[in-house]
2 protein chains.
Amino acid sequence: MNGVNILIVDDEERMRKLIKDFLAAKGYSILEAEDGEKALEIFERKKDKIKLILLDVMMPKLDGWSVLRQIRQESKIPIIMLTARGEEQDELFGFELGVDEYISKPFSPKILVARVEAILKRTCGDKQNEVKEYNGIIIDEAGRTVSVDGKAIELSLREYELLKYLLDNENIALSRDKILNNVWNYDYYGDSRTIDSHIKKIRHKLGKKGKYIKTMRGVGYKFEMK
Amino acid sequence: MNGVNILIVDDEERMRKLIKDFLAAKGYSILEAEDGEKALEIFERKKDKIKLILLDVMMPKLDGWSVLRQIRQESKIPIIMLTARGEEQDELFGFELGVDEYISKPFSPKILVARVEAILKRTCGDKQNEVKEYNGIIIDEAGRTVSVDGKAIELSLREYELLKYLLDNENIALSRDKILNNVWNYDYYGDSRTIDSHIKKIRHKLGKKGKYIKTMRGVGYKFEMK
DNA sequence: TAATTATTATATATTATAAATGTGAATTAT
DNA sequence: ATAATTCACATTTATAATATATAATAATTA
C-alpha cells in the first residue's frame, strides 16, 4: 500500500497529527485539511491521487456531512467518518449518503489502521485486477467482456456471472448450492439444473477451452486448467 | 453460505428478533440465547455447528466479556461484540481478548450483514484452502482432488469422502457402523459390505500406498502410515 | 502343541440398478 | 427478441448388491 494518498480532514491539529503518524508509519502519504472548505479545495486539486478520505463530522464552517454530500456528487472515493462519542445515532443516515465506515473517537491505532487497510484492499484491490487471464481465456471485469484465444465471445448476463464465479474460484470445487447462492440472487429457488444449461452454453462458447470447466459428479463444477 | 449457524446472544428479545430476521433472510440458521449462561450452554452443545457468535456486552447474570473469555479458552470461533453507544473505549481491550469485530448499536442492517459475511468469508473460506499431506498422499479439500506421489488420481464422490474420513481419523480404528454413519447419509441402511468394495477401489487407486489402509478384522478399517 | 478342519471375515470381480449429467428443444420471463 | 429457465430424453457414471475367492481365526483332533 505504499504511497497511497489519504486525505485527513479534522479541525484539531493534534488529531490530524496523531492519525498522520499512524498512517505514515504504514507507508501512506498524507494530505491534511483543517476544515470542510479546505478539504473540498484539496480534493478538487488532487482528485485522482487521493484514494481515501478520513473525515471528521464536527468541524467549523462546513461540517463533515456537507463535505460528504458534495464529494459524493462526483466521486465514489471511500470515506471514513470520524465521529465523537455519542454521535452514533447518525450512522444509518450516513450510510445512505455513502459513508463506507465509521471510526469513533477515541479510537485505537489498531482499529484505525485495520479499517483503512480493509477499505483500501476492497477498493484498490478490485481496480488493479480488472483484467485476468486464464490460459487464453481473458476476462475484462470492467468491460464485462471475455475473449478466448484473442477472439471475443458473447456471453449473456448469467453466463458471464457464472463464468466469472468459476474463474474467481479457480481450482475450487463449487457445489450447485454455492453456485446458486453466489451467481443467482439469494431468493432464487428454481431448478438447480438451470446451472447445467448455462454450463453447457459456456462450454460451447469457450470452444476447445470449455473442457477446463470440470464436472464434479455429485458435487458441482470446477474450473481447472489441465 | 446457506445453513451456516449463527448464535445471537442478547437479553433484549426485540434485538434478537431484529438480527435474526436480517440474517435469516440471508439464509443463515439462527440460534438464540437470552443471557450469558444460556449462551455458554448452547455453545457447549452445538460447538461444532456454530460458525459465528454475535455477543451483546451488557447482559444480566454473565456479561459479554465473561462469555467471551470463557469461549476463548477453548475456541477460536469468530465473535462480533455488540456494544451500546459510548462503550467504544473498550475496543482495544476487547481486541486483545480476541474480539473479531465490533458493531455499535444502533446499527444498520447493511453493516450487520456486511460484517457477518466478511468474517465468515475470511474464516470459512480459509478452511477450504486446506491441503493436507499424508506421506505422499495429498488431499486438496477445496479442489476435491487427491494425488499420490505427485500423480493425480480420480476418485468418485464416495471414494473421496471415504478416503477423507479415513485420513481425518488417521491412526484411529473406525468401525463399519461409524463409517456408514459418517460417510453415507444417516438414512442409509444398506449392506455394510458395501464399504469393502469402496475400500478395495481406493486401495487400488492409491497403488503402493493403498496398504496404509489397514484392515481391522472384526471391526473395520484404519488409516495408518506404516 | 502341532496339524487339520471348520468357520468367519474380508478381498476381488462382476453386474443390475440408480443417479447424475449432457443435450436440444420448448416454454416462460424480461 | 433475447435471455433464462424448464422439460424430456439420452447418455454416462457411480453405486450397492451380487457371487466367488482368499485369508485369518477358532475349533477340533491326534
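In what follows, chains carry the letters A, B, and so on, assigned in the order in which the sequence lines appear, proteins first and then strands, with residues in each chain numbered from 1. Computed from a predicted structure; not experimentally measured.
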Evaluation steps, side-chain contact (heavy atoms from CB on, under 4.5 Å), between A:Y160 and A:V183: CA-CA 10 Å; A:Y160 174 85; A:V183 177; over 6 Å; no
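- Separating the NZ atom of A:K201 from the P atom of C:dG24 is a distance of 12 Å, rounded to the nearest angstrom.
- Residue A:W184 has a polar side-chain atom (N or O) positioned under 4.0 Å from OP1 or OP2 of D:dT5.
- Of all nucleotides listed (D:dT6, D:dT18, C:dT10), C:dT10 comes nearest to the side chain of B:Y221.
- Considering only the side chain of A:R158, D:dA4 comes nearest among C:dT12, D:dA4, C:dG22.
- Interface remark: the B:S156 side chain does not form any donor-acceptor pair with the D:dT13 base, using a distance-only criterion of under 3.5 Å.
- Heavy atoms of other residues, nucleotides or ligands lying less than 6.0 angstrom from CD of A:E154 number 12 at most.
- Between A:M216 atom CE and C:dG22 atom C1' the separation is 17 Å, expressed in whole Å.
- The nearest whole Å value for the distance from the CG atom in B:L157 to the C1' atom in D:dT13 is 12 Å.
- When each of B:R193 and A:K200 is assigned the nucleotide of DNA chain C with its nearest heavy atom, B:R193 is the one assigned upstream, toward the 5' end.
- Taking atom CZ on B:R176 and atom P on C:dA9, their separation rounds to 9 Å, with Å as the unit.
- Atom-to-atom, NE2 of A:H198 to C1' of D:dA3 comes out at 8 Å; the value is rounded to the nearest Å.
- Distances were taken from every side-chain heavy atom of A:T215 (C-beta onward) to each of C:dG24, D:dA17, C:dG22; the shortest belongs to C:dG22.
- Put simply, CZ on A:R203 is 13 Å from P on C:dG24, counting in whole angstrom units.
- Taking atom NZ of B:K214 as the reference point, atom C1' of D:dA24 lies 17 Å away to the nearest angstrom.
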